[in-house]
Q: 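One structure, as structure tokens, below. Some questions next.
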Amino acid sequence: MNKIRCLCVAICVFIGLGGRSPTFGQALTADEIAAKFLEKNIKDSLYVADNFIHEEIEITENIKNGIVAEREKKLYVVKRDKEGLYKKLVSRNEIPVSNSRFELKKDAVFINPGFFNKYLFILGRSEIFEGKKYWILSFEPKKNLQEEKWGDRVYNNLAGEMWVAQSSFDLAKLSFHLIKEVNYAWPSFTGGKIVKLGGTVITGLISGHLIVSHIQIEYEYSTRTLFWPKNSHEIKTIHYQNYERRNPR
């Protein structure tokens, strides 16, 4: 299940900085909003959560028959140096872990032209939240998308909604869900499928910069190793806290 967990995180870590404000009174289409949002993040993205020294609280709940059968809470410290991003386990279920070492953590990239090229965007309603105006863009996968690697099976079947600030093209919230079941391995001997996948990303501001403050992912999967089936339903929630800017401006 490590592939599924890594993919879920990769879906969600994607916040950037900067950007230009639209001309008020000028009507923008969904494609224009998505293009400006992408341009702003490609040009100025610092992947803010990764550029802060911070802590991650990861809570995983295994659901069986509607009841939490297992619950695990992990606390990580995250830092970056010239070689990359590193993550260290500090405690598990409130019990300190003393023998853990910093391990290289692969950067998760969400905002890129290849990803946005997979979706059709539809401009819906506008909303005002905490005094700011937001466009609400829904997205759905285009037809006949290619599968170049395993993760495309999931990305090619996601739909959702994103809240984009009209004043800055910053992202306030993103929600996504899987529109159909996805096979993730060869089903003949070992394999299975993702039955359900959905999540929400909520952003915040630290010293005027966007950061990912909350991620929740819920997924249900079935697996088979030879002739032994297994079904599982998990909810994973990640919180980020105690930020310290690595290279303050």
Side-chain angles (χ1 to χ4, degrees), residues 1-17 41 45-63 68-80 84-97 100-112 115 151 154-155 158-163 170-178 182 184 194-207 209-221 232-246:
M1 290 301 96
N2 287 334
K3 284 187 177 180
I4 298 177
R5 294 189 177 96
C6 292
L7 179 62
C8 290
V9 175
I11 291 171
C12 297
V13 183
F14 56 89
I15 306 303
L17 304 176
N41 283 275
S45 178
L46 295 179
Y47 300 100
V48 185
D50 290 351
N51 278 277
F52 281 85
I53 298 171
H54 63 281
E55 295 176 339
E56 293 180 8
I57 299 175
E58 179 182 287
I59 299 173
T60 303
E61 295 178 330
N62 194 328
I63 312 296
V68 179
E70 299 175 75
R71 186 177 190 272
E72 184 178 57
K73 179 180 179 180
K74 294 180 179 179
L75 174 63
Y76 295 92
V77 170
V78 180
K79 70 174 185 177
R80 178 183 286 278
L85 186 70
Y86 290 83
K87 186 174 181 179
K88 176 182 178 181
L89 180 65
V90 177
S91 68
R92 179 185 286 110
N93 295 330
E94 311 292 346
I95 299 175
V97 176
S100 176
R101 297 181 179 180
F102 279 102
E103 296 182 358
L104 184 65
K105 176 184 176 184
K106 184 177 180 181
D107 291 307
V109 178
F110 182 95
I111 295 179
N112 60 69
F115 185 93
V154 174
Y155 291 128
L158 287 179
E161 190 176 77
M162 50 195 295
W163 290 46
D170 288 330
L171 183 70
K173 182 170 68 173
L174 174 115
S175 60
F176 61 90
H177 62 275
L178 198 65
V182 173
Y184 60 83
I194 304 175
V195 180
K196 178 181 178 181
L197 170 64
T200 303
V201 179
I202 299 174
T203 70
L205 286 172
I206 298 286
S207 301
H209 296 293
L210 277 173
I211 54 93
V212 180
S213 59
H214 174 87
I215 298 172
Q216 185 173 67
I217 302 166
E218 182 174 359
Y219 55 98
E220 184 174 339
Y221 56 88
S232 185
H233 180 185
E234 292 191 9
I235 298 176
K236 184 181 290 266
T237 305
I238 303 173
H239 297 276
Y240 298 86
Q241 65 180 19
N242 296 332
Y243 286 88
E244 179 184 342
R245 184 125 184 105
R246 185 175 61 91

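The structure displayed is predicted, hence computed values, not measured ones. For reference, positions follow the sequence shown, starting with 1.
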Q: Shortest non-hydrogen contact from R71 to N93?
A: O-OD1, 3.7 Å
Q: List for me each residue that meets side chain to side chain contact (heavy atoms under 4.5 Å, CB included) alongside K74, sequence neighbours excluded, and say none if there are none.
A: E58, E72, Y76, L89, R92
Q: Test of understanding: with side chain to side chain contact (heavy atoms under 4.5 Å, CB included), list the residues that count as partners of S91, not counting sequence neighbours.
A: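 S91: side chain to side chain contact (heavy atoms under 4.5 Å, CB included) contacts with L75.
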Q: Let me confirm one number: the OG1-NZ distance from T60 to K236, rounded to the nearest 0.5 Å.
A: 3.5 Å
Q: For L178 and I194, work out which heavy atoms get closest and say how close.
A: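 Here L178 and I194 meet closest at CD2-O, 3.8 Å.
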Q: What's the spacing between E234 CD and E61 CD if we round to 0.5 Å?
A: 10.0 Å
Q: What is the distance from atom OG1 of T200 to atom CZ of F176, rounded to the nearest 0.5 Å?
A: 7.5 Å
Q: What distance separates H233 NE2 from I63 CD1, expressed to the nearest 0.5 Å?
A: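 Nearest 0.5 Å value for the NE2-CD1 distance: 6.0 Å.
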Q: Roughly how far apart are I217 CD1 and I238 CD1, rounded to 0.5 Å?
A: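 Interatomic distance, I217 CD1 to I238 CD1, rounded to 0.5 Å: 5.5 Å.
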Q: If the condition is side chain to side chain donor-acceptor pair (under 3.5 Å), which residues does K88 pass it with, not counting sequence neighbours?
A: none
Q: Which residues pass the salt bridge (Lys or Arg N to Asp or Glu O under 4.0 Å) test with E218, sequence neighbours left out?
A: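 Checked E218 against salt bridge (Lys or Arg N to Asp or Glu O under 4.0 Å); matches are K196.
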Q: Could I get the full list of ring pair (Phe, Tyr, Trp, His ring centres under 6.0 Å) partners for H177, not counting sequence neighbours?
A: none
Q: Under the side chain to side chain contact (heavy atoms under 4.5 Å, CB included) test, which residues partner V77, sequence neighbours left out?
A: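 Residues passing side chain to side chain contact (heavy atoms under 4.5 Å, CB included) with V77: E55, V90, F102.
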